[in-house]
Amino acid sequence: MDRRDYLGQSMMTAAVLPARAAYLIRTGSHTGFRRAVQEASTRWGGMTEPILAVPDDGEIPNELLETVAAAKVEAVVNVDVDDALAQRAAQALGLPCVPIAKIDQAGAARFTCHPLHVNHPVQPSTLPVVAVSGAPLWQVAAAGLLNEDQAAELRPTALAVRPGQPDEYGRNQMYGATHLQSTIAQFGEHRSSAIGTLPAAVWITDPDDIEDCVAFWNARALRPVSHPGMPMLLLPTGEVQHWLGLAQQLAGMLARPAEFAPDVMLLSRNVPQKHLHEIAEILDLQRTDAEVKISEQFPTPALRQPPFTYRTGLDPRTWLLRDREYGLPTSFDVHVFSGDTSTLRFTSPVHFHTQGSWALVRLWGSPLDGLPRRECVASLVEPTAQWRGDSIQLHTRAQNDYTFGLTVPTLAQATEAVLEEASARHALSDKGKLGIALQSQADVAALLEPGVYETVIALTTPRSKELLRELQKLKAQGADDDAQLVDLASTWGGRAERRYRPITKLNLPPQRASEAAERLCELGWAERGVETSCAQCGVRTFHPFEQTQRRPVCPGCSAPSRYESTADGLSVFYRLDSFVDRASDQGLLPHLLVIAALTKKEPNSYFLPGVDLWFTDESRGEADVFGLYGGRVLSGEVKTSASQFTTGQLTHDIELSTRLGTDVHLLAAVDTVSAATREQAAELCADAGLELLVLDAKELRHT
């Protein structure tokens, strides 16, 4: 019988996709562009791999930063950029860099395959076109590029290609008959925020204009694949007027549901506006200055009709820079074991027609919820795994049926991994040890219930901190009378006896006080009893109900005694469990109260109620609360009084959260946190790049 911690059956989703790259070329480099396109033409998903023209100073323009962020590639590949500049660019992009000569042997970009592995094994009736050596740049950008050896290898396969006539490189883009379009077979997005149907993007370029060709390539790389709502093609100047029937073919592409306007965005970086309008006339397009309308449902679902309209001066990036997640998905059931190996089996949503290639698999689902997206946690799932958004990514052989043995770490294990990464050494603080023990005994969420926290505080036996305050008070009053010290000593000398009180002394309305005290008894945090008051020695004693006697005697002098009573019967008193009493005296209860509130907000969370930390520079720190808050790392400070959050305290606390690499900084107080304190903390957190979470009486107390 399997005795592992079985969590039950759960549904997960897997997406299969290629590892994609962005190519670094020198600004204006025709040779670099051709080499990048040639490489992309031999890779699954290659049409969606951006090409980045790196300036001589190595500074990556914001436009390219945005392109790479939207494309979500795995690495950059240096085609012909100086090594130092390439490394600088890769660092700015936050991606590993590999020279193009090693793209298939090293680095993250190698986990893909040739398009032959994913395309249908039957040759199409019309062979796709591909550019050949010496072709103008626009043909290379439009259809892809293969050298003679690469093309010869494909002739006996389903991906046989041919060089085309100049007009075919333009026309064939409209119906998917270019080699480059074969690279996106069985590739798409499983999630996208892309807007639905968009105007077609017709890019016009001089035949060898490198800037326009790169801009077109990158725009097309960002075009949604699973939902082709923006037809896109590249056309050259000086040629289209000789292509018979081109306007009619374009009209066939533009006859789409009337959900947008205009029909065409006529685009170019360097072709003069005058020439764009001339080409629009050749294409039978009608100019309009009307505002762009996207996915607007018109009264009729009819197809758009000629004359088709166009506008210049638009930027398609407005609609292309959308968040998306790549890969074809499939869902499956898995039996999950917490902190141990769970076996995942599923049929690949991508059918691979040949063996020996590589791919990426991304996995997500409820078993991974609550885990922080940190690499140290991903390695607990599988030693080589990585996070990609909310998915665990695996590098694997391309297979039609997958079986993985993965570990689903507990939130406690994940918290430990994050702490190990963030500090040289760590351990539970004294409060943390008490808190963990209390959390294991009862549900601390009860502290959020009306009156429960207040009742614990009222029943807590005053000890060291209270004695210190009393002594400080006498000192401040200038007391030098021994009688006052004797009186204080008599009050505190017997404090080994735990405090006990009746309902009337709990500083709450009677009904609420009774309910709260009984709730503590239910939790095992308090006990009921009665009191004897010895007439002979004057000692008052608490007797738990289970220790009461028919004829009570004083435990001090053994004289006959009696239980305190009123006209309504015996007086009932309440006393905290000794462990809870000690924890409360140590100031732990606010920590547990905050943890209860955090867990109520984000149930899939885990927290330590106090951690001592040591760092490599021999400095130390202490976090009152540290843990995982709905998948994010949280650390912070808890105070009984918000007045303790001075500027120095706030600065110290936020510096510690920053050093721990947390996502969320917590500022919590049992009473009310002032607007000024909130504003100051928010400013400090903003400077540190942290999210601020403030909890005070509004969230913590319901008296």
Side-chain angles (χ1 to χ4, degrees), residues 23 25-41 46-47 49-53 79-80 128-148 150-151 161-181 200-221 223 231-247 249-250 253 264-285 310 312-313 316:
Y23 302 92
I25 66 171
R26 290 181 293 108
T27 297
S29 174
H30 289 219
T31 302
F33 180 73
R34 291 174 185 272
R35 180 66 184 91
V37 173
Q38 181 185 359
E39 189 64 41
S41 299
M47 195 174 81
E49 296 183 314
I51 297 175
L52 313 180
V79 179
D80 64 352
V129 296
V130 70
V132 295
S133 299
L137 282 189
W138 84 266
Q139 293 181 11
V140 173
L145 175 66
L146 296 176
N147 62 32
E148 179 54 38
Q150 292 169 327
V161 293
R162 64 182 176 87
Q165 296 300 317
D167 66 313
E168 290 183 290
Y169 292 99
R171 302 177 198 270
N172 286 21
Q173 296 174 72
M174 298 187 216
Y175 48 91
T178 69
H179 172 72
L180 197 59
Q181 287 163 311
V202 178
W203 209 289
I204 308 298
T205 180
D206 290 335
D208 281 310
D209 188 304
I210 181 68
E211 185 179 0
D212 261 326
C213 287
V214 170
F216 165 77
W217 178 281
N218 288 338
R220 185 183 54 193
R223 182 181 62 174
M232 191 175 291
L233 69 154
L234 179 66
L235 297 175
T237 60
E239 297 186 34
V240 294
Q241 65 269 32
H242 306 302
W243 298 353
L244 297 179
L246 178 63
Q249 282 182 288
L250 180 63
M253 185 185 80
V264 172
M265 292 183 282
L266 205 58
L267 308 167
S268 182
R269 292 287 178 91
N270 296 322
V271 175
Q273 287 284 306
K274 177 183 176 182
H275 292 172
L276 291 181
H277 296 310
E278 291 172 354
I279 291 174
E281 187 174 352
I282 294 170
L283 299 175
D284 291 340
L285 299 176
Y310 78 96
T312 61

- Would you check, one step at a time, whether the test side-chain hydrogen bond (donor to acceptor under 3.5 Å, both in side chains) holds for Asn172 with Thr178? CA-CA 6 Å; Asn172 286 21; Thr178 69; over 6 Å; no

- Heavy-atom donor-acceptor pair, Glu168 side chain to Gln165 backbone, under 3.5 Å: yes

- Task: Mark yes or no for whether Arg35, through its side chain, and Ile25, through its backbone, hold a donor-acceptor pair below 3.5 Å.
- Result: no

- Message: Looking at Leu234, is its backbone amide N or carbonyl O close enough to the side chain of Gln173 to form a donor-acceptor pair, meaning the two atoms are under 3.5 Å apart?
- Response: yes

- Between Tyr175 and Met253, does a side-chain contact (heavy atoms from CB on, under 4.5 Å) hold up when you go through it step by step? CA-CA 9 Å; Tyr175 48 91; Met253 185 185 80; over 6 Å; no

- Query: With side chains defined as the heavy atoms from C-beta onward, is the minimum distance between Arg162 and Val129 less than 4.5 Å?
  - Reply: yes

- Query: Should the ring pair Trp138 and Tyr169 be called parallel, tilted or perpendicular, given that the plane angle runs from 0 to 90° and is split at 30 and 60?
  - Reply: perpendicular

- Item | Any donor-acceptor pair under 3.5 Å from Glu281 side chain to Glu278 backbone | no

- Close side-chain approach of Pro207 and Leu137, heavy atoms under 4.5 Å: no

- Query: Hey, does the side chain of Ser41 reach the backbone of Leu146 with a donor-acceptor pair shorter than 3.5 angstrom?
  - Reply: no

- Which atom pair, heavy atoms only, marks the closest approach of Gln150 to Leu145? OE1-O, 4.4 Å

- Query: Can you tell me if CD on Gln241 sees more than 12 non-hydrogen neighbours from other groups inside 6.0 Å?
  - Reply: yes

- Using a 4.5 Å cut-off on heavy atoms from C-beta on, say whether the side chain of Met174 contacts that of Pro231. no

- Item | Under 3.5 Å: donor-acceptor pair, side chain of Trp217, backbone of Glu49 | yes

- Task: Using atom types as modelled and distance alone, determine if a side-chain donor or acceptor of Asn218 lies under 3.5 Å from a backbone N or O of Ile51.
- Result: yes

- Task: Run the numbers on Met47 and Arg223 for side-chain contact (heavy atoms from CB on, under 4.5 Å), then give the verdict.
- Result: CA-CA 10 Å; Met47 195 174 81; Arg223 182 181 62 174; 3.8 Å; yes

- Sidechain-backbone polar pair: Asp209 side chain, Glu211 backbone, donor-acceptor under 3.5 Å: yes

- Does any non-hydrogen side-chain atom of Glu148 lie less than 4.5 Å from one of Val132? no

- Kindly indicate whether the side chain of Val202, heavy atoms from C-beta on, has any atom under 4.5 Å from the side chain of Tyr310. no

- Task: For Ile279 and Val240, run side-chain contact (heavy atoms from CB on, under 4.5 Å): C-alpha distance rounded to whole Å, both residues' side-chain angles, the deciding distance at 0.1 Å, then the answer.
- Result: CA-CA 8 Å; Ile279 291 174; Val240 294; 4.2 Å; yes

- Shortest non-hydrogen pair, Trp203 vs Ser268, comes out as NE1-CA, 3.8 Å

- Give, for atom CG of Leu276 and atom OG1 of Thr237, the distance between the pair rounded to the nearest 0.5 Å. 9.5 Å

- Hey, does Pro166 have a side-chain heavy atom less than 4.5 Å from the side chain of Glu239? yes

- Before accepting this row, confirm whether a basic side-chain N of the pair Asp212/Arg269 lies closer than 4.0 Å to the acidic partner's carboxylate O. no

- Message: Less than 4.5 Å apart, side chain to side chain, heavy atoms only: is that true for Val140 and Phe33?
- Response: yes

- Query: Any donor and acceptor pair, going by atom type alone, linking the side chain of Arg34 with main-chain N or O of Ala135 inside 3.5 Å?
  - Reply: yes

